[in-house]
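Note that this is a predicted model, so its numbers are computed, not measured.
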Amino acid sequence: MPVTSVIVSEVAAMNEEQFQAEKLYYISLSAAKSMLQKGVIDEGVYAVIQANLFEKYHPISAVLLSGNRLT
């Protein structure tokens with residue numbers, strides 16, 4: 001007999017402002033990561049950029065993907 005499990009979760013829709021912030025965060029982070037890979041910046045500078053972008057854009061998905069709590 002097959003066993004199935006139903007996981008119920010509440011997911012709020014992202015508004016346009018949040019979506020734009022998410023987009024800008026990941027675009028900016030991608031540029032910084034590219035500079036890191038090319039040796040233009042080092043890990044320390046990348047970490048500062050990442051922290052500054054996180055503070056500026058408050059990306060919800062980055063928090064969810066990190067495994068840290070939202071509050």
- Establish whether Phe54 and Leu24 are linked, either directly or via other cluster members, by ILVMFWY side-chain heavy-atom contacts under 4.5 Å. yes
- Derivation of the side chain to side chain donor-acceptor pair (under 3.5 Å) call for Gln20 and Glu16: CA-CA 6 Å; Gln20 292 301 323; Glu16 184 64 27; 2.7 Å; yes
- Message: For Leu29, is there any backbone N or O sitting under 3.5 Å from a side-chain donor or acceptor partner on Gln50?
- Response: no
Could you pull out all donor-acceptor pairs under 3.5 Å where a side-chain atom in residues 32-46 meets a protein atom, sequence neighbours excluded?
| unit_1 | atom_1 | unit_2 | atom_2 | d |
| --- | --- | --- | --- | --- |
| Asp42 | OD1 | Gly44 | N | 3.1 |
| Asp42 | OD1 | Val45 | N | 2.9 |

- Closest approach of His58 and Glu22, non-hydrogen atoms and distance? O-OE2, 4.5 Å
- Check whether any side-chain heavy atom of Ser61 sits under 4.5 Å from a side-chain heavy atom of Tyr25, and report yes or no. no
